[in-house]
Protein chains: 2
Amino acid sequence: MIGASKPVRIAHTLEADIRSGMLNRGDPLASESALVKRFSVSRNTIRKSLEILSSKGLITTKSGIGSFVTFDGKTIDDRSGWSVALASGDIRLETRVLALARGPIGISDAPTLDSSEFLVVDRLRFRAEDGEGVSLERSRVPWQDTFVGVLDEGLEAGSLTELLRSKGLIVAGGDEWAGVLPALSDADARLMQRRAGEPMLRLRRLTRGADGSVIEFVESILDPVMFGLHMEF
Amino acid sequence: MIGASKPVRIAHTLEADIRSGMLNRGDPLASESALVKRFSVSRNTIRKSLEILSSKGLITTKSGIGSFVTFDGKTIDDRSGWSVALASGDIRLETRVLALARGPIGISDAPTLDSSEFLVVDRLRFRAEDGEGVSLERSRVPWQDTFVGVLDEGLEAGSLTELLRSKGLIVAGGDEWAGVLPALSDADARLMQRRAGEPMLRLRRLTRGADGSVIEFVESILDPVMFGLHMEF
DNA sequence: TGTTCAAACCTGTTCATACCTGTACTTTTA
DNA sequence: TAAAAGTACAGGTATGAACAGGTTTGAACA
């Protein structure tokens, strides 16, 4: 990415916006003149960026109307350094919240954290077709009393990230580990409607705020056939 | 430095700017004409200085845009992508070069690359204790005739990275994928002295130069018990 | 109620300009 | 006589501006 032309660099950040799910399929992009302001470049440069995205099939642009996202969101999670990408795009996934509670961390081998109570969010993603789980995500956020409402009302817009942001928890950095979980446990296999003993992809992430305090610890167990990790640098 | 030519002295000054951290990785250098004014020399001289820096891998220069720092003063290894972390530290590892040759890519499912001939480097890392392989790394670099000597003399200092840098192949960006290899193949199992069918951690990396050309494609197959991927962000 | 029409905003296209590097060459200088 | 300076031109890149045409909206009007 070093030394790339402005259009390439801008196309790159717009692509990240799209792949991260910030912009969903069908959403309109900002107008060219708005992008001119956002990136402080000329409209010609913006147009070249859009042409790059268009040639990649990420957007289409309609005369007199604007540009629209035509990418159906293969990337599941891009909040941090790497992105979790679906290996095949033609699959409809649904999400179910398994747990939304206040409690202990309940994850073995988790890093030791200062807090002893957490906002516990467990989520399962599964194939709409046959109900087989493809990802199991356990998120733990050190408890704050401002979370009380969430337990009743549920996650705002379903997004934990949005919730944390609204509470002023801004991610400044963190660590991520990826590895192979040699064998799916019985309990998790039941939750995911899979066979126990299967090898799975395990992803762990610890995010911290600017002051170094822990914002969130997440463990994701992913179907290795469906998911891979991808990073562009 | 006394007695050195102007281009050398100027290159030296600029190198100090880069290594001191005054200029960071990715930053643009001043334009050639600006450097002409700064050092009160001709543009020819400046260009020679930049050529020196470029040959050292400190910068890359793009037509119509400028020169950019490609040197990261902080880390020895490329700061690109995930770092492969040993899970347990008490184990002595040895390395054996399985192949050092010129040939086709020979990796299934590899991304399509322009070149059809590659510098092939296969390396095995194994436990000194019992000889069990813990990582199998297949590196492929699009063939250049300047590689000829390497086939006889072996890798300089054992480092492929060093070789590439000495040939002016500077990494400016790339992609990395990680996933689970569900079952170790028979052939690889033999090479690694492991059981076939074991799940392994698979890491693939494609690095590119500033002009977008492919520098190296690497596939690593890692013992998931020994290795994890770690990233700090 | 239905039509017309102007305004606002969007993209499509082109072009002049400025500044950047790439290259080749001659002239000056130490 | 080699190093450095100077000159000239070609080609790549980004800017800013202008103008054309598509789309939507809403006010004015029949």
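Fair warning: this is a prediction, and the values are worked out from it, not measured in the lab. In what follows, chains carry the letters A, B, and so on, assigned in the order in which the sequence lines appear, proteins first and then strands, with residues in each chain numbered from 1.
- If you check every strand for non-hydrogen atoms under 4.0 Å, B:K62 touches sugar and phosphate atoms only.
- Using a distance-only test at 3.5 Å, with no hydrogens or angles considered, a donor-acceptor pair links the side chain of B:K167 to the main chain of B:T146.
- Where A:K6 and B:P7 each meet DNA chain D at their nearest nucleotide, the meeting point lying more 5' is that of B:P7.
- With rounding to whole Å, A:I46 atom CD1 is found 18 Å from C:dT13 atom P.
- Under 4.0 Å is where a charged nitrogen must lie from a carboxylate oxygen, and between A:R208 and A:D175 at least one such pair does.
- Atom CG of B:L169 is separated from atom CD of B:Q144 by 5.0 Å, given to the nearest 0.5 angstrom.
- Rounding to whole angstrom units, CG of residue A:L35 and P of C:dT11 are separated by 8 Å.
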Between the protein and nucleotides 6-9 of chain C, which nitrogen or oxygen pairs come in under 3.5 angstrom?
none

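- Using a 3.5 Å distance cut-off with no hydrogens or angles, the side chains of A:S42 and A:N44 do not pair a donor with an acceptor.
- Between the CG atom of B:N44 and the C1' atom of D:dA2 there is a distance of 14 Å, given to the nearest Å.
- Between the CZ atom of A:R43 and the P atom of C:dT13 there is a distance of 11 Å, rounded to whole Å.
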Verdict with reasoning, B:R202 to B:D188, per salt bridge (charged side-chain N to carboxylate O under 4.0 Å, His left out)
CA-CA 13 Å; B:R202 193 177 73 171; B:D188 287 350; over 6 Å; no
